[in-house]
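Structure record follows, encoded as structure tokens.
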Amino acid sequence: MNIQDIQYFRKLYILKNFSKVAKFYNVSQPAISNSIKRLEILFDAKLMLRESSRKELIITPAGEQLFRHSITIINEFEAAKKEIIRLTAKNFSLGLASVIENTYFYKIAEKLNNRGLLNHIKIYESGSNSLKRSLKNGKIDAALIGSLNTEEFTETTQNDLIVQNFAVSSFHIFVSKKHPLAQKKGVHFSELKGENFILLNQNFVHLKVAQILSKANKLQLHEVLETNNVSFLMNMVSQNIGITILSEAAQNNYPDIVSIPLMDEVQPQLIASIAYRRNHYFTNEQKKLLEFIANELGTEIVIQ
């Protein structure tokens, strides 16, 4: 099966016009027609019918079924292409969530370097939510990510991903030493009413934590800024522009920032995990590398 045939089919399903599809892909109209014929022969079913009287293109039940599978077929093809390119280049692409990277990965980087393994790793930095998407579409081979204990993602296995947890941490409020809360030994989220929040954006799980806690405490969350840069966020907090919420394990290398434990009886927790695609093929070298990282993080994975 030619993947281009599926792409032509998807566009034809949407536009319902052979000429428009041909123009979109800069090919001839017969090329589109032949593509659909090849698919109909392959599946032994009519996918589309031309209603000549109304000049209308009608999608058959078989066509509807193929359309529902087509995006998965295309995504899997693109993921396979990316993974094969990395295999031939002998690269190992490892996604690192910012907080996880600065809390856990830096501790084992020296050991990886001493073993001559670090130079085989291509680091891809982003938020956990963004990394989960990158895993699923094949942009990266594996990732160290954070998830909330309220999410199904923390299960050991998923339909398309395998996840192995290695650490659990609670969330703290980070404030400037100039802030009145800085003297507290602990704080309930309800006490933060009216505070200005600087938060990591939707690519990170931290935004959802703030939303969960504000909803539970019936507070209107006042966000002054969202960012995808942890260092920028901490600089803003150190200047007392606002407060933020991060994992307690986050490295606080800022002398002007104080970390205060959240005392809410019920609150989300951050679960740090190693994750990779269930159907991803690892070379023997990649298996050893990932198993070494897992072992250093205090967990164990067995890659088939």
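These numbers come from a predicted model, not from an experiment.
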For the student: nearest non-hydrogen atoms of [X] and [Y], plus distance:
| X | Y | value |
| --- | --- | --- |
| P268 | V209 | CG-CG1, 4.3 Å |
| V258 | A182 | CG1-O, 3.8 Å |
| V21 | Y8 | CG1-O, 4.1 Å |
| A210 | F189 | O-CZ, 4.0 Å |
| L290 | A142 | CD1-CB, 4.0 Å |
| I173 | V187 | CG1-CG1, 4.0 Å |

Does [X] use its side chain to pair, donor to acceptor, with the backbone of [Y] at less than 3.5 Å?
| X | Y | answer |
| --- | --- | --- |
| N217 | L213 | yes |
| S128 | G146 | yes |
| N102 | S98 | yes |
| S134 | S130 | yes |
| T299 | F166 | no |
| N228 | N201 | no |
| Q269 | V168 | no |
| N240 | S176 | no |
| S238 | D256 | no |
| N137 | K139 | yes |

Exercise for the section: Take L225 and M236, measure what side chain to side chain contact (heavy atoms under 4.5 Å, CB included) needs, and give me the verdict at the end. Expected result: CA-CA 10 Å; L225 182 69; M236 296 288 280; 3.7 Å; yes
[X] and [Y]: side chain donor to acceptor below 3.5 Å:
| X | Y | answer |
| --- | --- | --- |
| H179 | E195 | yes |
| S273 | N165 | yes |
| H188 | D264 | no |
| Q4 | Y25 | no |
| D5 | S35 | yes |

Exercise for the section: Using a strict cut-off of less than 4.0 Å between a Lys/Arg side-chain nitrogen and an Asp/Glu carboxylate oxygen, indicate whether E296 and K107 qualify as a salt bridge. Expected result: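 So E296 does not pair with K107 through a salt bridge.
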Problem - Salt-bridge present (R278, D160; N to O < 4.0 Å) - result: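 Here R278 does not pair with D160 in a salt bridge, since their nearest N and O are not under 4.0 Å apart.
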For [X], does the [atom1] atom sit with more than 12 other heavy atoms under 6.0 Å from it, leaving out its own atoms?
| X | atom1 | result |
| --- | --- | --- |
| N119 | CG | yes |
| R133 | CZ | yes |
| N26 | CG | no |

Handout entry: Those residues that, when tested against F292, pass ring pair (Phe, Tyr, Trp, His ring centres under 6.0 Å) (two or more places apart)
Key =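 Ring pair (Phe, Tyr, Trp, His ring centres under 6.0 Å) check on F292 returns nothing, list empty.
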Find out whether [X] and [Y] are in side-chain contact, i.e. whether some heavy atom of one side chain is under 4.5 Å from a heavy atom of the other.
| X | Y | answer |
| --- | --- | --- |
| Y104 | L144 | no |
| K184 | E191 | yes |
| I257 | K177 | no |
| F174 | L233 | no |
| S147 | K132 | yes |
| F171 | L246 | no |

Handout entry: Cation-pi, Y13 ring and K11 (6.0 angstrom, 45 degrees)
Key = no
Practice task
Decide whether a cation-pi geometry holds between K122 and F92; the criteria are a distance under 6.0 Å from NZ or CZ to the six-membered ring centre and an angle within 45° of the ring axis.
Solution key: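 No, K122 does not sit over the ring of F92.
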Problem - S169/S247 under side chain to side chain donor-acceptor pair (under 3.5 Å): CA gap, chis, key distance, verdict - result: CA-CA 6 Å; S169 60; S247 161; 2.8 Å; yes
Donor-acceptor pairs under 3.5 Å, side chain of residues 67-74 to any protein atom, not counting sequence neighbours: which ones?
{"unit_1": "H69", "atom_1": "NE2", "unit_2": "Q65", "atom_2": "NE2", "d": "3.2"}
{"unit_1": "S70", "atom_1": "OG", "unit_2": "R10", "atom_2": "NH1", "d": "2.8"}
{"unit_1": "S70", "atom_1": "OG", "unit_2": "F67", "atom_2": "O", "d": "2.6"}

Practice task
Go through F18 and L57 one step at a time and tell me if the side chain to side chain contact (heavy atoms under 4.5 Å, CB included) criterion holds.
Solution key: CA-CA 9 Å; F18 281 83; L57 192 63; 3.8 Å; yes
Practice task
Return the set of residues passing side chain to side chain donor-acceptor pair (under 3.5 Å) with N279 (not counting sequence neighbours), or none when no residue passes.
Solution key: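 Side chain to side chain donor-acceptor pair (under 3.5 Å) check on N279 returns E76, R277.
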